[in-house]
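The model shown is predicted, which means the values in this text are computed figures rather than measured ones. Just the heavy atoms: all of them, side chains too, but no hydrogens, waters or symmetry mates, feed the values below.
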Amino acid sequence: MKSRIHHFLLPLCAAAAALCGCSADYEAPVIDSVWLNMVTRPVEEVSCAYPGQTLCVRGEHLGDLKRVIVNGTDINLNTLFVYESPTAVTFTLPAGVGTRGDYIRIVTSWGMAEHPFVVRPAAEMPEITAFSATTLIPGRTLTITGTNLQGAVRVLLPLAFDGSVECEPAGEQAEGGTSVDVVIPDGVTFATGRCCIEMTKHDDGRGIDYTEKVFSDKTDFRN
């Protein structure tokens, strides 16, 4: 009798062990963070983005993806711009993505996860369009032209060996966010790279202050 019970229990135990071993595959998704994932700027964690930018949602149990929803807008998963793994989902925000609601929602076969995230209108996206000079002379003023550059607090210019240098603002900045003036520092060697402007801005509708960065195209700066 004991032998028969033993033989009967063995398959049940094996099945239970198999289920336990695979249980992690069937857990609800978890979102840890959202990162910008673009060749035109460093990969970094962000709390807001603009239509046309590419995001990477990082977390756990993100496989078996069924839907990605951003502020009520479904992301088309049948595109070349959607990449899925158990720990990351990368996709591009479409032009018509909603800018109200402030969430990213991931739906898999095993559950749903939501993460707070702001999508701002494309018309508010900062951009660097030109420099008054690319041969930089210490002590002179460099004017960086663009759009939506209000609230600039830091300007970084590229140096040799992948370094950067922070430049001091040159007096009061232009109204309307169309340009930023900085003083060229001494004792550094400039190089080809991207200029970065870091800005502190206020969102009246949400009642919050936030920080964002804008990067120029690669530019050949020299002394």
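- The two residues D32 and G59 have their closest heavy-atom pair at OD2-CA, 3.4 Å.
- Taking CD1 from I69 and CG from D74, the interatomic distance works out to 5.0 Å, rounded to the nearest 0.5 Å.
- The shortest heavy-atom contact between C48 and Y210 is SG-CD1, 4.4 Å.
- Looking at T90 and T54, their side chains come closer than 4.5 Å, going by heavy atoms from C-beta outward.
- Counting only heavy atoms from C-beta outward, the side chains of N148 and Q150 approach each other to under 4.5 Å.
- For the atom pair OG of S47 and CD of E212, the computed distance is 9.0 Å after rounding to the nearest 0.5 Å.
- To the nearest 0.5 Å, the span separating CD on E60 from OG1 on T87 amounts to 9.0 Å.
- Counting heavy atoms of neighbouring residues, nucleotides and ligands inside a 6.0 Å radius, atom CZ of R206 exceeds 12 of them.
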If you apply the rule side chain to side chain contact (heavy atoms under 4.5 Å, CB included), what do you find for R194 with R41, and how did you get there? CA-CA 8 Å; R194 302 183 191 275; R41 58 181 296 161; 5.6 Å; no
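- Expressed to the nearest 0.5 Å, how far OG1 of T108 lies from CZ of R67 amounts to 12.5 Å.
- Tested against V155, the residues I197, V165, L142 include a single side-chain contact (heavy atoms from CB on, under 4.5 Å) partner, I197.
- Taking all atoms of both residues into account, the shortest heavy-atom contact from A88 to C56 is CB-SG, 3.8 Å.
- Remark: K213 engages E44 in a salt bridge (charged side-chain N to carboxylate O under 4.0 Å, His left out) (not counting sequence neighbours).
- Residue pairs meeting the ring-ring contact (aromatic ring centres under 6.0 Å, His included) criterion with at least one member in residues 70-98: none, sequence neighbours excluded.
- No single ILVMFWY cluster, assembled from side-chain heavy atoms under 4.5 Å apart, contains both M199 and I208.
- Here the closest non-hydrogen pair linking A152 and V180 is CB-CG2, 3.9 Å.
- Residue R222 holds its CZ atom at 13.0 Å from CZ of F190, rounded to the nearest 0.5 Å.
- Counting heavy atoms from C-beta on, the side chains of N76 and V82 never come closer than 4.5 Å.
- Under the 4.5 Å side-chain criterion, counting only non-hydrogen atoms from C-beta, I106 is in contact with L65.
- The two atoms that bring Q53 and L36 nearest to each other are OE1-CD2, 3.8 Å, heavy atoms only.
- Within the structure, the side chain to side chain donor-acceptor pair (under 3.5 Å) test picks out the following pairs touching residues 162-177 (sequence neighbours left out): R154-E166.
- The two residues S216 and G193 come nearest to each other via the heavy atoms OG-O, 4.5 Å.
- Cluster annotation: L93 is connected to V46 through the hydrophobic network of ILVMFWY side chains, with a link wherever side-chain heavy atoms come within less than 4.5 Å.
- Each of F215 and M38 belongs to its own hydrophobic cluster when Ile, Leu, Val, Met, Phe, Trp and Tyr are linked at side-chain heavy-atom distances under 4.5 angstrom.
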Trace of the side chain to side chain contact (heavy atoms under 4.5 Å, CB included) decision for T189 with N223: CA-CA 7 Å; T189 301; N223 293 75; 4.0 Å; yes
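- For E114, the salt bridge (charged side-chain N to carboxylate O under 4.0 Å, His left out) partners at least two apart in sequence or on another chain are R105.
- Here L55 contributes atom CG and N37 contributes atom CG; the two are 9.0 Å apart, rounded to the nearest 0.5 Å.
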Show me the donor-acceptor pairs, under 3.5 Å and distance only, between side chains in residues 116-133 and residues at least two apart or in other chains.
unit_1 : atom_1 : unit_2 : atom_2 : d
R120   : NH1    : D203   : OD2    : 2.7
T129   : OG1    : T145   : O      : 3.1
S132   : OG     : T143   : N      : 2.9

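- Proximity of V70 to Y103: side-chain heavy atoms (C-beta onward) are nowhere separated by under 4.5 Å.
- Under the 4.5 Å side-chain criterion, counting only non-hydrogen atoms from C-beta, I184 is in contact with L157.
- Neither M112 nor I104 shares a network with the other; the hydrophobic side chains, linked directly or stepwise wherever heavy atoms of I, L, V, M, F, W or Y lie under 4.5 Å apart, form separate groups for each.
- By the rule that hydrophobic residues join a cluster once side-chain heavy atoms approach within less than 4.5 Å of another member, F221 and V188 end up as members of one cluster.
- Evaluation of the salt bridge (charged side-chain N to carboxylate O under 4.0 Å, His left out) rule for E84 yields no partner, not counting sequence neighbours.
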